[in-house]
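We name chains A, B, ... by the order of the sequence lines, and we start the count at 1 in each one.
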Amino acid sequence: MKAFDPVLAPYIVALPLIGALGLLLLGRRLRAVAGLVASATVGVGFVLGVIVLVQMLGVTEKGGHGREAVVRVWEWISAGSFSVNVDLLVDPLSMVMVLVVTGVGTLIHVYSIGYMHDDPRYSRFFGYMNLFVASMLLLVLADNLLLLYVGWEGVGLCSYLLIGFWFERRAAAGAAKKAFIVNRVGDFSFLIGIFVLSVTVSSLTVSSINEAAGGMTAGIATTAALLLFGGATGKSAQIPLYVWLPDAMEGPTPVSALIHAATMVTAGVYMVARFSPVFEASGGLALGVVAWIGALTALWAALMAAAEYDIKRVLAYSTISQLGYMFLALGVRAYSIAIFHLVTHAFFKALMFLGAGSIMHSLDGEVDMRNMSGLRKVMPITAFTFMTGWLAISGIIPFSGFFSKDAILASAWHQGRYALWAIGAGTALLTAFYMSRLYFRIFEGDLKVPEGVHVHESPPSMVGALIPLGVLSVVGGVINLPGLLTLDHFLEPVVGESEVPSGFTPWILGAIALLAGIAGIAFARTLYLLPGGATRRAALCERFKTPVDAARNKFWVDEIYGRGIVLPGKAFASFCANVIDARLVDGAVNGGGRVVAGAGWLFRRAQSGYVRSYALTFLFGVVVIFSLLVFRVAL
Amino acid sequence: MTELPWLDVVIFAPLAVALALGFVPKGRVETLRTAALGGALFVFALSIGMLVSFDAGEAGFQLGTSLSWIPEWGIGYVVGVDGVSLWMIMLTAFLTPLSVLASWSIVERVKPFFIFMLVLESALIGVFAALDMFLFYLFWEASLVPMYFLIGIWGYEKRIYAAMKFFLFTLAGSLLMLAAIIFLYFSAAGEPTFDYQSLLGTPLTLGTQRLLFLAFFAAFAVKVPLVPLHTWLPDAHTEAPTAGSVMLAAVLLKLGAYGLIRFAIPLFPDAAREMTPLIMTLAIIGILYGALVALVQKDLKRLIAYSSVAHLGFVVLGIFVGSIEGMSGGILQMLNHGLSTGALFMLVGALYDRRHTRLIADFGGLAKSVPVMAGVFLLVALSSLGLPALNGFVGEFLILLGMYTRYSWWVIPAAFGIVLAAVYLLWAYQRVFHGEPATKENRGLSDLGMREIAMLAPVVALIVTIGVYPKPFLDRINPSAEQLVTRMRRCSVDGTTGASIPEACGGGAGAGNVAEAP
């Protein structure tokens, strides 16, 4: 049988990279075609990805082993006993990610052609977007941890550039910086994790780390796993580092869809799945942390989403929450289920962000849900596609989100983690509630838009991207249904099979998950759709004043970080600069100088004629040497 | 085969160009500029010849010349390059023409300015090439003179104070080193000599090593600079003209790190090892303290100056951790810092030429008026904060990895420096380039011109190249780094007597003997 040799893989990364370089260097000269070029590089990448996938599926060795290949691109860093290369790892897991990134990426690029049409920095936008796709592909295809880290930082950079794309706005510039710095804190942890693994394993390739994991002590494995996970909490916006993601909504909406929903923020999930043997080797502790952080983040963010009025921020909190579900899945060893939810979430969340963008495009950038309603009548395609996303995330059968979220809850139950299951199920109810609130307020009821706005459906390039994503949100769940191409089996050679309960249990669990979704929707309906909803809302807010206030203020976490870390940090820096450096260290220097000056000769001479004095001193040195030498020779 | 003595040519060619400039009438500013640029480019071309002749697999000194100069005093003209000095010389030869390009705005006393620039280049290359202690000291002191004048004559408002401070700090250290060199001369086994390679095996008691090491260390720590000997640096950087800041940050600071690598550690390995914890502590303090102080600077040049304190802390860390990864990373980081910080000073110089201010608060919203400059500035800042796929990352990663392999969790405070670097650089970037241009001066600025692009593009190209494909650089650094680390770690002190064991330091399996200069 022919060995699997995916020679096309490097081109999948190279294409958008070339696109990015071209667009960023040639800039405005390419304006007319920038959007098309950028979309084409990603689109062709998707096609290449499909070809590689077909090649991979052609390898039918038992259990799908042999569907793995490493492609050497060049030698990278080597010093002492350390060496890493630019190698790409093509296996089922990386291909799933490649297809999501290029597939959803292409749709969002096409959407952006319409959305960004009038922006003066149109070419640059697509240059950054292409650079992002290239970095993300490098991240998922990297065969070693350090190359993964290159992609990891690369996507972070693009996130910075794109959040701050409208840098004239103070808030956008601040949000970009905040995103980068908060992520750096996570990267700091990640980097030390790389050191630990590098020294323990003596190699950073995926295969050697995962093979060596079994032989690691629980202490080392736990340390390494938690340090890597620290990086994931930054990039994937989990407690305690999630604070940058809501602010990141300052970026153009396609950016939020691509980077802050479908792809980049899932990098942490991918990374944990990729190195799952290290997490396994920790003997439960690391996975427990992952599961609990995930579950708590899911709940915490859902609470804030329910109190938010800014459409994009609701979606941002929702993303944080859904990422929490993915980590919950990872933490209960359901790695393939986590990837499954990653994929369906990429569909329906990208869809909803693009839907939000469509609304903003129509309403002159309005994002406050209180200023609009009944848009279904004037924006039918946006409304209809958004509805599929809403039902998918709410976990309504047969929409995609039902299958993936149900599988996560079932896995938690199966592992006997009933508390985690309960948090997950409760959050599912909350999710359905806040998403229904969003949908009802925007699309249902009487038509209301801000004054002076001419509301209209978006142009074809935009709705053209909504429709395929809408379809995927509906049917995306099929990829894990038993059959020829079950995701779980496809990923099994990489991450093992996820265990789910058998017998009657899954049906009962599924029914509970579905009921949670329906209950959430029903509850939102009584508050936002049925007559008298406003009074019921007021009564409810009055009754639960404290928790509602807390959620509206985002539990004051930004303020706590600001006053607890940023302000003291700045004060300490000022102290270092103004007191220690200026008065103490330099004061000693100048004081010493003055003493010398007081003593007179050297310093005054030096000041009066610096040219002469220097020459004098230099000569003095030379004379000293020579006289000593002469002295020596004379002896 | 008769090949050009590349190294000697590269050392003295700038001096020859400087001499030639002396014959150009001082009024002909255009001719002077063009000639200086042409000359500096010619020297760079020669240095490429040297680079090509350099054998990447060889750890010892190459392309050397050894002439007897004053034989009765044991003074020789001995030069040679290894993987460390090679890149330092390349850096010097690379940045001099760019610094000349950055000096178009110099209109007063143009002729002496360019002459000093080229003399400086000769002296610096000489320092890196010298393998005779006397010759080294001569070049070392000689490099002070032109820099002193560049700051003192063409600098900004407080130039006299800054030049004086620079001079006194350096001199204080150098004099101690001079005394140590003379002591070493008399301690040589056999005939007294200044020959570096003969002195390497000098048997010294631990007590003597300590004193001599400290004397050398004083000279080098000032130059690096290590906290708390750093306060000359912000003043000198800030007051120097652009070209002066570039050469100062990119090359002169490397003299300190280079001196540690070449002299302080190999000559006194036992003392060096003994002091390692102290020096590493100072380096880590430098990384964190430099970053914190940089954070609250109001003047862009001062901010970059303090960032140098932090970056050089990484370099010193790499040199002293005693692992090959760390040493290679440290050496590469010397080159990287030269490129990134050099480019930052060029950019701040370009800003000053336009706005006649360096205060961060005077800027704002420049990304709108000068988009190309904003883009280049960001890329350079990212390289400075260690973004992977750019040069700074490769060096810092190897340094921290090397540190982790030997000192495990001590790496944490050092690695935290990369978080702070992101904070001070991106915050400054935001205040200068983001937002709406608040004042009318910031609105109508012209973007980078052809001359400025010609000056920045080569640096940017190298920044990316080293980040993406550092192999050609590391291939030439690694053998020398390995040899240096072996030498540093092998020597051992007899615990009972405190005397070093010369056999272990100098001889043994030939590993301690560097290749003789041909």
What part of [X] gets closer than 4.5 Å to chain B, counting heavy atoms only: side chain, backbone, both or neither?
X        : answer
A:Leu584 : neither
A:Trp74  : side chain
A:Phe575 : neither
A:Thr223 : side chain
A:Val199 : side chain
A:Ser198 : side chain

Between NZ on residue A:Lys235 and CZ on residue A:Phe190, distance to nearest 0.5 Å | 9.0 Å
What residue in [options] has the most heavy-atom pairs under 4.5 Å with chain B?
options                                : result
A:Phe572, A:Trp166, A:Trp152, A:Phe180 : A:Phe180
A:Ile192, A:Leu146, A:Val185, A:Leu191 : A:Leu146
A:Leu24, A:Ile181, A:Val86             : A:Ile181
A:Leu161, A:Leu147, A:Ile580           : A:Ile580
A:Val585, A:Leu157, A:Ile194, A:Asp586 : A:Asp586
A:Lys570, A:Arg124, A:Arg169           : A:Lys570

Per-residue contact mode, [X] against chain A (heavy atom under 4.5 angstrom):
X        : result
B:Leu229 : neither
B:Ile181 : neither
B:Leu295 : side chain
B:Leu332 : neither
B:Leu398 : side chain
B:Asp235 : side chain
B:Val468 : both
B:Phe169 : side chain
B:Val411 : side chain
B:Ser328 : side chain

Students often mix this up, so state it plainly: with edges at 30° and 60°, are the rings of [X] and [Y] parallel, tilted or perpendicular?
X        : Y        : value
B:His434 : A:Tyr160 : tilted
B:Phe397 : A:Phe195 : tilted
B:Phe166 : B:Trp232 : tilted

For side-chain contact (heavy atoms from CB on, under 4.5 Å), just list the numbers for A:Ser135 and A:Cys158, CA-CA rounded to whole Å, side-chain angles, deciding distance to a tenth of an Å, and then say yes or no.
-> CA-CA 8 Å; A:Ser135 308; A:Cys158 297; 4.2 Å; yes
Would you mind telling me which of [options] has the largest number of heavy-atom pairs within less than 4.5 Å of chain A?
options                                : answer
B:Leu382, B:Val394, B:Leu400           : B:Leu400
B:Ala367, B:Ala389, B:Ser408, B:Pro228 : B:Ala367
B:Gln297, B:Lys368, B:Glu482, B:Met327 : B:Lys368
B:Leu420, B:Leu385, B:Leu378, B:Asp475 : B:Leu385

Side-chain contact test, heavy atoms from C-beta onward, threshold under 4.5 Å: evaluate it for B:Leu379 versus B:Val376 and give yes or no.
-> no
Please examine the side chains of B:Met133 and B:Tyr185, heavy atoms only from C-beta on, and report whether any two atoms are closer than 4.5 Å.
-> no
Return yes if some donor-acceptor pair links the side-chain N/O of [X] with the main-chain N/O of [Y] below 3.5 Å, else return no.
X        : Y        : answer
A:Thr200 : A:Val196 : yes
A:Asn144 : A:Asn85  : yes
A:Asp581 : A:Cys576 : no

Would you call [X] and [Y] a salt bridge, using N to O less than 4.0 angstrom?
X        : Y        : value
A:Glu168 : B:Arg443 : no
A:Asp247 : A:Lys177 : no
A:Glu153 : A:Arg184 : yes

For the pair A:Phe167 and B:Phe433, evaluate ring-ring contact (aromatic ring centres under 6.0 Å, His included) and give the outcome as yes or no after the intermediate values.
-> CA-CA 8 Å; A:Phe167 55 78; B:Phe433 289 99; 9.2 Å; no
Worked check of ring-ring contact (aromatic ring centres under 6.0 Å, His included) between B:Phe393 and A:Tyr149 = CA-CA 11 Å; B:Phe393 175 72; A:Tyr149 188 73; 5.7 Å; yes
